[in-house]
Amino acid sequence: MFIKDKKSAGFYYDLLQEMKKEMDDIEFSYNYLPIKRMIITTQEEPGTMCMGLTRNPERENRFKRVGPSMPRRVGVYRLKSRDKLRLKTKEDFTKYKFGVGRGRGFAAIQDLLTHGVPLEHIEEVSRDRSNTKKLFNNRIDFTHQ
């Protein structure tokens, strides 16, 4: 889900619109929130739900899931010109700096920590394009997507 021309858009927005067609008698509103605020709001305000929340062990018992979960594919990217950077062993993950986008609270940090990346090697940014700039300026080695 993302904002385009000051309006909600994307897969989750489209899915919500389809769900809304099936619930003629139920009124609801929706907001686009940063992930951390979405988690807090869902936990603190009765009658709220969230879409697109990554399923991981840390969140498993904090939310009631409705419907199937989609498989999640995670990748890290480096510049083609930095072909000597390789992630083959767990020790390799401890050597490099990783950029994580989309704001604080995403499961990406947990993914990297699970692979042995030290917390001090993880740089969070609120916008993905910031990591792209860092990558091209060799300020990080990989960006997490």
Side-chain angles (χ1 to χ4, degrees), residues 1-80 82 85-87 90-145:
M1 191 172 202
F2 54 92
I3 303 294
K4 182 178 180 181
D5 300 325
K6 298 183 181 181
K7 294 181 180 179
S8 295
F11 172 78
Y12 293 111
Y13 175 77
D14 294 342
L15 180 60
L16 189 58
Q17 295 309 306
E18 291 301 314
M19 290 168 60
K20 195 173 179 179
K21 289 178 187 176
E22 300 293 323
M23 300 184 289
D24 293 331
D25 57 337
I26 299 174
E27 285 197 29
F28 64 90
S29 62
Y30 56 89
N31 294 310
Y32 179 83
L33 300 173
I35 188 73
K36 197 166 192 172
R37 190 170 350 145
M38 179 177 74
I39 290 171
I40 291 168
T41 301
T42 303
Q43 290 179 312
E44 292 180 352
E45 294 183 21
T48 61
M49 66 174 240
C50 59
M51 297 181 76
L53 185 63
T54 300
R55 187 173 194 163
N56 64 22
E58 179 185 320
R59 297 176 180 157
E60 192 63 33
N61 295 320
R62 292 169 61 187
F63 298 93
K64 180 179 179 182
R65 304 255 173 205
V66 180
S69 294
M70 294 174 51
R72 182 166 168 258
R73 186 174 178 182
V74 177
V76 293
Y77 299 89
R78 63 165 170 77
L79 294 176
K80 184 177 180 181
R82 299 188 72 193
L85 301 181
R86 298 287 179 189
L87 299 172
K90 192 163 186 162
E91 289 75 35
D92 292 338
F93 281 85
T94 66
K95 300 175 190 175
Y96 303 112
K97 284 193 175 187
F98 294 80
V100 175
R102 299 192 186 127
R104 300 181 186 277
F106 264 71
I109 295 168
Q110 190 60 45
D111 292 339
L112 293 172
L113 292 171
T114 299
H115 281 86
V117 178
L119 188 57
E120 61 271 12
H121 288 198
I122 300 172
E123 296 190 19
E124 296 178 84
V125 295
S126 59
R127 296 172 189 236
D128 286 331
R129 67 177 165 240
S130 297
N131 274 330
T132 302
K133 288 179 184 178
K134 285 182 174 187
L135 198 62
F136 278 95
N137 288 314
N138 293 323
R139 291 177 46 213
I140 58 173
D141 301 303
F142 294 89
T143 183
H144 182 284
Q145 297 293 320

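Here, residue 1 is the first one in the sequence, and each next residue gets the next number.
The shortest side-chain heavy-atom distance between M19 and M51 falls under the 4.5 Å cut-off. Contact check for Q110 versus T54: no side-chain heavy atoms found under the 4.5 Å cut-off. Counting heavy atoms from C-beta on, the side chains of D111 and V100 never come closer than 4.5 Å. Considering only heavy atoms from C-beta on, L87 stays 4.5 Å or farther from H115 through its side chain.
How far OG1 of T143 is from CZ of F98: 10.0 Å, rounded to the nearest 0.5 Å. Interatomic distance, CD1 of I40 versus CZ of R37, reported as 9.0 Å (0.5 Å rounding). For the atom pair CZ (R55) and CZ (R65), the distance works out to 5.5 Å, reported to the nearest 0.5 Å. A distance of 4.0 Å separates CG of N131 from CD1 of I140, quoted to the nearest 0.5 Å. From T41, atom OG1 reaches atom CG of N31 across 8.5 Å, with rounding to the nearest 0.5 Å. Between the CG atom of L79 and the CG atom of L135 there is a distance of 4.0 Å, given to the nearest 0.5 Å.
For residues 9-22, every residue pair satisfying the side-chain hydrogen bond (donor to acceptor under 3.5 Å, both in side chains) rule, not counting sequence neighbours, is listed here: Y13-Y30, E18-K21. Legend: ring pair (Phe, Tyr, Trp, His ring centres under 6.0 Å) pairs involving residues 34-53, not counting sequence neighbours: none detected.
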List the steps, then state whether side chain to side chain contact (heavy atoms under 4.5 Å, CB included) holds for Y96 with V117. CA-CA 8 Å; Y96 303 112; V117 178; over 6 Å; no
Working for side chain to side chain contact (heavy atoms under 4.5 Å, CB included), residues V66 and M49: CA-CA 10 Å; V66 180; M49 66 174 240; over 6 Å; no
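Remark: of the listed residues K97, R82, R78, R82 is the sole one forming a salt bridge (Lys or Arg N to Asp or Glu O under 4.0 Å) with D141.
The 12-atom threshold is not exceeded at CZ of F136, counting heavy atoms of other residues, nucleotides or ligands nearer than 6.0 Å. Annotation: N61, atom CG; neighbour count of heavy atoms from other residues, nucleotides and ligands within 6.0 Å does not exceed 12. For E60, the CD atom counts as densely surrounded, since its 6.0 Å shell holds more than 12 non-hydrogen atoms of other residues, nucleotides or ligands. Counted within 6.0 Å of CZ on R139, heavy atoms from surrounding residues, nucleotides or ligands total 12 or fewer; the atom is thus considered open.
The backbone N or O of D92 sits nowhere less than 3.5 Å from a side-chain atom of R86 that would complete a donor-acceptor pair. Checked by atom type and distance alone, the side chain of H144 never pairs as donor or acceptor with a backbone atom of I109 at under 3.5 Å.
Nearest heavy-atom pair, L113 versus P118, reported as atom, atom and distance to 0.1 Å: CD2-C, 4.4 Å.
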